[in-house]
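Notes for the one structure printed next.
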Amino acid sequence: MKKYLLLTAYCLLLTVFFSCKELQPVTIGGVSNVKVINISKEGIELDFDMKINNPNSVGVSVFPSSFDANLGGISVGKIKLAKRTRIKAKGEHTSTFHIKSDFSKLNLTDIASVLPMILSKRADISLKGNLRVGKLFYKQKFPVELNKSISLSK
């Protein structure tokens, strides 16, 4: 019995030792499938999909992370990946993000920049923050900075 316990512990130790590699940065591929839910003088609400690429040879989990979001140069607050997402080894996964902004807190200069954005139906979205990625007990943060031009048509 003691012999089997020792053998199991040794195998477990070797498995942990050989599987602990430094994680390569998980990257964001881009924004797609932008859906405008509501656009009015009170604010803008939209959903969009974002590709997350895993270059590692092991599957990883992307934990709930938040980003500072700007839409057309105007801060719309924080957006959040709401649930943990698993990504296979050397794979990619698409997660949905939701933005809801409130234009009532904007000053006069910000309102002047919102009107051309609504009329042109195009806006630049920028995200800045850290993506939390990990495997088992090992977690690491990777900085993310994304700038993309999107269409605001319904």
Side-chain angles (χ1 to χ4, degrees), residues 1-39 43-103 105 110 113-114 117 120-154:
M1 177 77 164
K2 190 174 183 181
K3 190 184 244 186
Y4 293 115
L5 186 60
L6 185 63
L7 181 62
T8 304
Y10 181 70
C11 288
L12 183 63
L13 183 65
L14 282 177
T15 303
V16 169
F17 179 73
F18 286 114
S19 67
C20 290
K21 294 202 277 187
E22 176 117 6
L23 290 178
Q24 295 177 1
V26 173
T27 59
I28 293 194
V31 174
S32 63
N33 201 18
V34 178
K35 296 176 195 162
V36 177
I37 298 167
N38 186 18
I39 198 168
I44 186 168
E45 189 174 356
L46 55 97
D47 287 335
F48 62 93
D49 294 336
M50 196 162 43
K51 280 186 191 173
I52 303 172
N53 301 316
N54 178 17
N56 297 296
S57 59
V58 295
V60 296
S61 292
V62 178
F63 296 96
S65 306
S66 63
F67 303 95
D68 293 322
N70 288 318
L71 190 63
I74 302 164
S75 177
V76 292
K78 292 215 179 258
I79 62 169
K80 187 174 182 178
L81 177 63
K83 60 182 181 174
R84 184 172 79 174
T85 305
R86 291 199 171 115
I87 305 174
K88 294 180 181 178
K90 300 214 183 272
E92 62 182 40
H93 180 77
T94 303
S95 294
T96 302
F97 288 80
H98 182 78
I99 291 180
K100 185 175 183 178
S101 71
D102 185 10
F103 291 159
K105 298 176 185 171
D110 290 336
S113 62
V114 169
M117 176 180 63
S120 70
K121 298 194 185 246
R122 296 206 54 80
D124 294 325
I125 187 170
S126 66
L127 303 175
K128 191 172 186 177
N130 291 314
L131 196 62
R132 291 181 44 223
V133 178
K135 179 76 175 173
L136 295 175
F137 299 110
Y138 179 72
K139 293 182 179 93
Q140 191 172 357
K141 289 183 180 181
F142 296 109
V144 171
E145 192 165 333
L146 177 74
N147 296 310
K148 190 80 170 178
S149 182
I150 60 171
S151 173
L152 294 178
S153 58
K154 284 192 174 184

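Note that the coordinates shown come from a computational prediction; the quantities given were computed from them, not determined experimentally. All values below were derived from every heavy atom in this structure, side-chain atoms included, with hydrogens, water molecules and symmetry-related copies excluded.
More than 12 heavy atoms of other residues, nucleotides or ligands sit less than 6.0 Å from atom NZ of Lys139.
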Criterion side chain to side chain contact (heavy atoms under 4.5 Å, CB included) on Phe142 and Thr27, from CA distance to verdict: CA-CA 8 Å; Phe142 296 109; Thr27 59; over 6 Å; no
Full working for side chain to side chain contact (heavy atoms under 4.5 Å, CB included) between Leu146 and Met50: CA-CA 10 Å; Leu146 177 74; Met50 196 162 43; 3.8 Å; yes
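Closest of all the heavy-atom pairs between Pro25 and Pro55 is O-CG, 3.4 Å. In terms of heavy-atom proximity, Asn53 sits nearest to Val26 at O-CG1, 3.1 Å.
Shown are Ser95, Ser65, Ser61, Pro64; of these, the side chain to side chain contact (heavy atoms under 4.5 Å, CB included) with Thr85 is made only by Ser95. Only one option out of Asn54, Asn56, Val133 pairs with Ile87 in a side chain to side chain contact (heavy atoms under 4.5 Å, CB included); it is Asn54.
Residue Arg84 holds its CZ atom at 10.5 Å from CZ of Arg132, rounded to the nearest 0.5 Å. One finds the CD atom of Glu145 at 11.0 Å from the CG atom of Asn130 (value rounded to the nearest 0.5 Å). Between His93 atom NE2 and Ile52 atom CD1 the span is 7.0 Å, to the nearest 0.5 Å. Of the inter-residue distances, the one linking Gln24 atom CD with Gln140 atom CD reads 10.5 Å to the nearest 0.5 angstrom. Atom OG1 of Thr94 is separated from atom CG of Asn33 by 9.0 Å, given to the nearest 0.5 angstrom.
For the pair Asn147/Asp124, no side-chain contact is recorded, criterion being any heavy-atom separation below 4.5 Å from C-beta on.
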